[in-house]
Structures are given as structure tokens and as C-alpha cells.
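To start, the structure under review is shown below, and the notes come after it.
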Amino acid sequence: MLPVSFLVEPRIDMDQRCESRNTVRTGFRSVALWGGVAWLAISQAFVTAAEPDAKPEVSAVAPAASASAPFAYIGIDGCVRCHESPREADNRPDSETGLAVTDFYLMNEATVWSKQDRHSQAFKVLENPRSVRMGELLGVDVKSPAAGCINCHALVLNSDKREIGKWAHRLADGVSCEACHGPGEKYESAHHRPEWRTLDPEVKAREFGFINVREAGAKTALCASCHVGNLAQGKFVTHEMYAAGHPPLPSVEPYSLGLAMPPHWRPITAKKPEVQKFLGHDPEIRTIAREIVLGGLVAYRHSVDLLDQAASREETWPDFAVFDCYACHHDLKRKSWRQERGYKSQPGRPAYRAWPDALPRATLLAMDRPLQEFDDRVTGLQTALTSRPFGVPTDVRVKAGEARLALDAELQRASQEIRWDAARSRKLLDALAQTALEQPWDFDSARQLGWAFVAVSRDLPESNRLPAEVAPAIEELTSLLALAPAAVASAGSEPPELPTSVMLAALAEYDPAKFQAVFRKLATALAVTPTKSPALKPAP
């Protein structure tokens with residue numbers, strides 16, 4: 001059984017290794033939000049066993065300061081110096097490997113982040129009319145630390161308020177480089193050295209504070225800390241915040257979330273074969289399928305953790321934000337698919353959000369795992385939440401612990417026992433279709449299954465090409481669920497706001513029967529026979 005470090009993968013794909021701009025390759029990888037200061041304990045939970053390469057002694061690049069001391073943030077200027085645009089030297093192969101820095105990295109990561117990644121605008125959002133009005137309604141200054149907004153909308157200083165050199169921390173930079181890679185005090189100079197690329201990720205985390213965001217679990221945890229919530233880190237959108245105007249947080253699938261930025265990194269599969277070989281990448285592994293699978297399980301784990309944390313604070317329980325928002329906030333229709341579907345609990349009692357459960361169910365099917373035990377754990381949590389309106393907090397915490405143990409066990413199997421090659425990815429597509437037809441899923445759950453199907457299907461090799469009928473069904477699914485990433489900003493303009501209105505419009509029109517009708521087309525094309533076939537018909 002895995003401890004808290006269940007978020008790890010058994011092997012890194014080695015793209016985390018870097019060298020400096022002339023003789024080494026500098027790493028700059030980020031997908032998600034990370035606004036708190038509790039990075040060290042988290043990052044140590046993400047590291048994995050080292051690759052079987054010869055590695056230098058830690059002292060070759062180890063800092064003099066104790067690793068137990070809190071590291072300081074240094075700001076983005078040091079990153080921009082190298083990662084603004086590639087230089088001539090970056091394109092020059094080195095004598096040791098015959099590979100250039102730009103064979104590994106784009107070297108324009110900071111530019112892409114600042115011009116097209118919405119995270120760079122996270123703090124500025126707090127100055128727009130909506131945020132100002134929220135502050136007036138809540139009676140707080142949304143840009144003050146006391147309000148808690150900057151825990152997700154900016155990079156928060158260390159508790160000792162240290163600043164290094166001339167690169168002072170700036171809230172206006174929003175969710176910047178160090179938010180995902182960790183405080184740069186120690187690794188900023190170390191990661192330029194040749195020894196850095198052969199250093200164990202655990203050492204990078206412990207001795208330098210460098211978070212291994214190449215790990216699917218680490219990346220999802222970074223996303224989930226804000227996009228799901230983490231009370232321990234002061235990251236939680238309360239029901240009051242929603243009522244005051246905070247946009248709804250949709251379901252989170254980190255791979256697809258990264259596509260909407262756009263990514264400022266080059267995936268391992270987009271690197272040339274010589275680089276993949278150098279990095280120890282197994283070309284048979286479908287990295288996207290593996291990332292989505294582990295991301296779904298980790299997101300569920302964080303959702304359960306948030307519920308546990310909220311139930312531990314009886315003075316503020318229940319906060320409606322941990323329940324299914326759309327159990328209450330939906331159009332009233334005379335013929336409602338919700339009533340036809342039925343309820344897992346007493347009608348009228350707010351239920352737990354459904355979306356974290358959808359993708360893990362498909363994952364278990366793809367791993368040939370029985371669903372009954374997993375369902376029992378989830379059902380127990382749902383029962384604890386609805387035994388009376390909003391549940392009994394102590395019972396909720398007990399059942400959350402049981403659900404966490406079940407998720408830990410499945411995460412261990414998914415990360416360490418399953419080889420996510422093309423055959424397994426194809427099996428995952430079958431499982432996604434089977435799961436989509438299993439029950440009438442709500443909008444956020446449908447998006448989980450839809451995102452995963454689209455991404456995994458496009459990542460299959462030519463030898464596993466899907467039938468031609470799949471393509472138009474995917475386009476239909478993408479339109480129905482508003483899955484396509486928003487248009488990115490053009491060079492020189494600010495990143496666009498998230499298309500909340502597009503998502504809400506799709507949600508308002510959502511009909512699970514239409515969603516299942518599309519997946520029946522996909523199931524037919526894949527020759528998948530559903531175990532259940534709900535009798536719902538699309539609304540006229």
C-alpha cells in the first residue's frame with residue numbers, strides 16, 4: 001500500500017534532466033497552478049526511484065545550506081534571461097552528445113508563458129471589475145493576503161519574507177515559474193551545471209527545492225491544489241465566493257488543461273529519436289494515456305482529501321462548495337433528466353460531486369480490475385454525506401479515509417503494474433465508451449470521459465488506427481461538451497480570459513442522452529458492447 005507518496009510514477013521519462021545554455025540543457029516545465037509555500041513536503045512525495053544511470057555524488061552540485069531550511073523565491077527575471085528566446089549557442093550541438101539545447105527545450109518558455117498562458121494574468125484578474133465587486137460584496141480586499149485569493153492567484157512569499165539578489169518577488173507576475181518548479185534560491189545556479197541532468201529527482205527536490213513536474217501525479221497535484229482546492233494550503237473557493245461572483249470551477253483533467261494554455265514545453269514524443277534515446281524514453285509507452293489515467297486517480301484523491309479537510313472543521317461545516325453545485329443550480333424543467341436518472345441518495349439532499357468518479361471507473365475497467373469493492377467505498381462516502389442533509393462530519397471523515405485507501409491501492413497498480421502501451425490505450429478507449437454508457441453522467445463527468453477519449457484516441461500509433469467512423473463522432477463530442485481549447489492570444493497581446501461563458505452555455509444545454517448517443521456511435525465503431533443501456537431519450 002502506498003503512503004501519501006502514491007502520486008509518484010515508477011520511472012521518470014527523463015525529460016526532467018537538463019543542462020545549461022552552452023554545455024547543458026535547462027529545464028522549464030510547467031502545466032498547473034501552485035500558489036502556496038508547502039512545496040517541500042509535497043515535492044518529496046512526488047519523487048521516484050532514480051533511473052539506473054551512473055550519477056555523480058550529491059556533493060558535486062549540492063548547496064552548502066541545509067536542505068531542511070526553507071528555500072526562497074527569487075522571481076522570474078532569472079528565468080527570463082535564458083528562457084526568453086533561443087540563442088545561437090542553444091542551436092549548437094555539444095561535443096559529448098552531438099545534441100543541442102534546442103533539441104531538448106524550446107528556450108522561449110518564458111515568452112510563451114507571459115504572452116499566452118493565463119497563469120501569467122492570475123493576479124491581474126483580481127483587479128478587474130468582477131473581482132472588485134466580489135471584494136465589495138465580501139467586505140475584503142481581494143489582493144490582500146487575509147482574503148486568501150492570492151494563494152491561487154499569485155506566488156506567495158516564504159514565511160520569512162526573504163528576497164534573493166535583485167529579483168524581488170512580485171505578486172503581479174501571477175502564477176509564475178517558481179509556482180510550479182519550486183523556489184529557485186538553490187537550483188537557479190545549480191541547474192546550469194552539467195551534473196544536474198544526471199542528478200536523482202529526489203535529490204533535486206530535497207537539496208534544491210526543484211519540484212519534479214514531469215511526474216503525472218506531481219503535475220495533477222499542482223493543478224488540483226487550486227482547481228479542486230486544498231484547505232491546508234489556504235486554497236478553497238467557498239460558497240460565499242461563488243455567490244459573490246467567482247466563476248465556477250469545472251472538472252479538471254490536467255493534460256487537456258495544459259493544451260488550453262498553450263504548452264510552453266516540448267513533449268517527449270515530439271522530440272527527435274536521438275533525444276528520446278538519450279533521455280531513456282520507451283517509445284512503446286503512450287505517455288498521454290498514462291498521464292490521463294494517473295491524473296484522474298490523483299484528482300479523485302485530492303477531491304476526497306478536500307472533503308476530509310472540510311469535514312474536520314465543524315465550525316464551518318457544511319460549506320456548500322464541496323457538494324455538487326448543479327444539484328441546486330440548474331434550470332427547472334418539467335421533464336428533467338435528473339429525475340429520470342434517479343438519485344443515489346435521498347432526493348433533495350445535496351450530493352457529492354460526481355465527476356472525480358468517472359475517469360477512475362474507466363481506468364479500473366482498462367486495468368481489468370473489479371469495480372465492486374471500489375464502488376462500495378465510494379457508496380459509503382456518498383451515504384455518509386446524505387444520511388442526513390449534508391451528513392455527519394465524523395462519519396464523512398471515516399468514509400473519506402476508506403475511499404482514500406481504495407484510491408491509493410489503485411494508483412499503485414496503475415503506476416507500477418500496468419504498462420500503458422498502445423494495446424492498453426486501446427483497451428482504455430473501450431473502457432471509456434463502456435463507462436460513458438453505464439449511467440447518465442452529469443456535464444462535468446461527461447467532460448472527463450470526453451476529454452480522455454479524444455486525447456487517447458489521437459495518441460494511438462498508426463498501427464492502431466481507429467475506424468473512420470470515430471473521427472466525426474469525436475468532432476460531435478467536442479462540440480457538445482465544449483472540449484476544444486480556447487483560441488490563444490496572438491503575439492504581443494495578453495492571454496485571453498477563460499471561456500467561462502462557452503462552458504456555461506454548453507452546460508445549460510447539456511442532455512446526457514445526447515452525450516450517450518455520441519458514445520454509442522463510438523462504441524459501435526469500436527465494437528464495444530455496453531453492460532447497461534439507460535432508457536433516456538434526448539430531449540426534444
Side-chain angles (χ1 to χ4, degrees), residues 220 224-225 227-232 235-239 241-242 248-253 295-314 316-330 337-339 341-364 371-408 410-411 435 438-449 507 510 512:
T220 303
S225 66
H227 287 272
V228 173
N230 189 318
L231 275 169
K235 304 174 184 179
F236 181 54
V237 182
T238 65
H239 192 254
M241 292 178 183
Y242 284 128
L249 294 181
S251 57
V252 177
E253 199 289 282
L297 289 166
V298 172
Y300 200 168
R301 173 62 146 76
H302 277 262
S303 188
V304 170
D305 281 343
L306 177 64
L307 188 62
D308 189 359
Q309 293 166 1
S312 70
R313 305 184 181 190
E314 295 192 25
T316 59
W317 178 267
D319 191 302
F320 298 166
V322 300
F323 293 87
D324 177 13
C325 299
Y326 305 115
C328 297
H329 296 281
H330 62 80
W337 63 262
R338 292 177 174 83
Q339 291 177 318
R341 173 196 61 185
Y343 301 91
K344 294 182 179 179
S345 59
Q346 291 292 327
R349 294 185 180 179
Y352 185 51
R353 61 186 72 171
W355 72 260
D357 185 41
L359 187 51
R361 291 183 67 80
T363 294
L364 264 61
L371 286 173
Q372 187 60 52
E373 181 181 351
F374 187 78
D375 281 346
D376 290 344
R377 298 288 179 91
V378 174
T379 302
L381 181 58
Q382 189 70 261
T383 301
L385 283 167
T386 57
S387 59
R388 72 179 191 190
F390 307 110
V392 180
T394 52
D395 294 344
V396 170
R397 297 202 68 193
V398 169
K399 294 303 180 181
E402 293 179 2
R404 185 162 44 233
L405 289 175
L407 284 164
D408 285 356
E410 300 307 336
L411 275 161
T435 303
E438 179 186 274
Q439 57 181 287
W441 292 100
D442 66 5
F443 179 75
D444 280 339
S445 302
R447 290 187 106 203
Q448 290 281 293
L449 299 170
L507 186 153
Y510 174 71

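As the structure is a computational prediction, the values presented were derived from the model and not from experiment. Here, residue 1 is the first one in the sequence, and each next residue gets the next number.
- Side-chain contact between Leu507 and Tyr326 is present, with heavy atoms from C-beta onward closer than 4.5 Å.
- Side-chain atoms of Arg338 never come within 3.5 Å of backbone atoms of Ala327 as a donor-acceptor pair (strictly under, hydrogens ignored).
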Task: side chain to side chain contact (heavy atoms under 4.5 Å, CB included) assessment of Gln372 paired with Asp376 - done: CA-CA 6 Å; Gln372 187 60 52; Asp376 290 344; 2.9 Å; yes

Task: Test side chain to side chain contact (heavy atoms under 4.5 Å, CB included) applied to Val298 and His302, step by step - done: CA-CA 6 Å; Val298 172; His302 277 262; 3.6 Å; yes

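- Residues Thr363 and Glu410 have side chains not in contact (no heavy-atom distance under 4.5 Å, counting atoms from C-beta outward).
- Taking CG of Leu381 as the start and CG of Asp357 as the end, the distance is 10.0 Å to the nearest 0.5 Å.
- Here Leu297 contributes atom CG and Leu364 contributes atom CG; the two are 7.0 Å apart, rounded to the nearest 0.5 Å.
- Residues Phe323 and Tyr352 share a closest heavy-atom pair of CD2-N, 4.4 Å.
- In this structure, Ala232 and Gln309 approach most closely via the heavy-atom pair N-OE1, 3.6 Å.
- If you take OH on Tyr510 and CZ on Arg447, they are separated by 11.5 Å, rounding to the nearest 0.5 Å.
- Using a 4.5 Å heavy-atom threshold, the side chains of Cys328 and Phe320 count as separate.
- Scored by the salt bridge (charged side-chain N to carboxylate O under 4.0 Å, His left out) test, Arg361 finds Asp375, Glu438 as partners (sequence neighbours excluded).
- Counting only distance, with no hydrogens or angles, the side chain of Thr383 and the backbone of Thr379 share a donor-acceptor pair below 3.5 Å.
- Take Leu249 and apply the side-chain contact (heavy atoms from CB on, under 4.5 Å) test, not counting sequence neighbours, and it matches Val237, Tyr242, His246.
- In this view, Asp319 and Phe236, Thr238, His239, Glu240, Ala321 satisfy the side-chain contact (heavy atoms from CB on, under 4.5 Å) rule, not counting sequence neighbours.
- Closest non-hydrogen pair, Trp317 versus Val322, comes out as CZ3-CG2, 4.2 Å.
- In this structure, Pro393 and Arg388 approach most closely via the heavy-atom pair CD-NH2, 4.1 Å.
- The CG atom of Leu407 sits 9.5 Å away from atom CZ of Arg377, with the distance rounded to the nearest 0.5 Å.
- At least one side-chain heavy atom of Thr394 sits under 4.5 Å from a side-chain heavy atom of Glu314.
- A salt bridge links Arg301 with Asp305: at least one charged nitrogen is closer than 4.0 Å to a carboxylate oxygen.
- Checking side-chain atoms of Arg397 against main-chain N and O of Ala311 turns up no donor-acceptor pair under 3.5 Å.
- Taking every heavy atom of both residues into account, Ala384 and Lys399 meet most closely at CB-CG, 3.7 Å.
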- [ ] Start with the C-alpha distance between Arg353 and Val228, add both sets of side-chain angles, then the distance that settles side chain to side chain contact (heavy atoms under 4.5 Å, CB included), and finish with yes or no.
- [x] CA-CA 11 Å; Arg353 61 186 72 171; Val228 173; 4.0 Å; yes

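- For the residue pair Asp444/Gln448, the side-chain donor-acceptor check at 3.5 Å is not satisfied.
- Across all their heavy atoms, Thr435 and Trp441 have their closest contact at O-NE1, 2.8 Å.
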Open item on the list: Applying side chain to side chain contact (heavy atoms under 4.5 Å, CB included) to Tyr300 and Thr220, what does each step give before you reach the verdict?
Closed with: CA-CA 10 Å; Tyr300 200 168; Thr220 303; over 6 Å; no

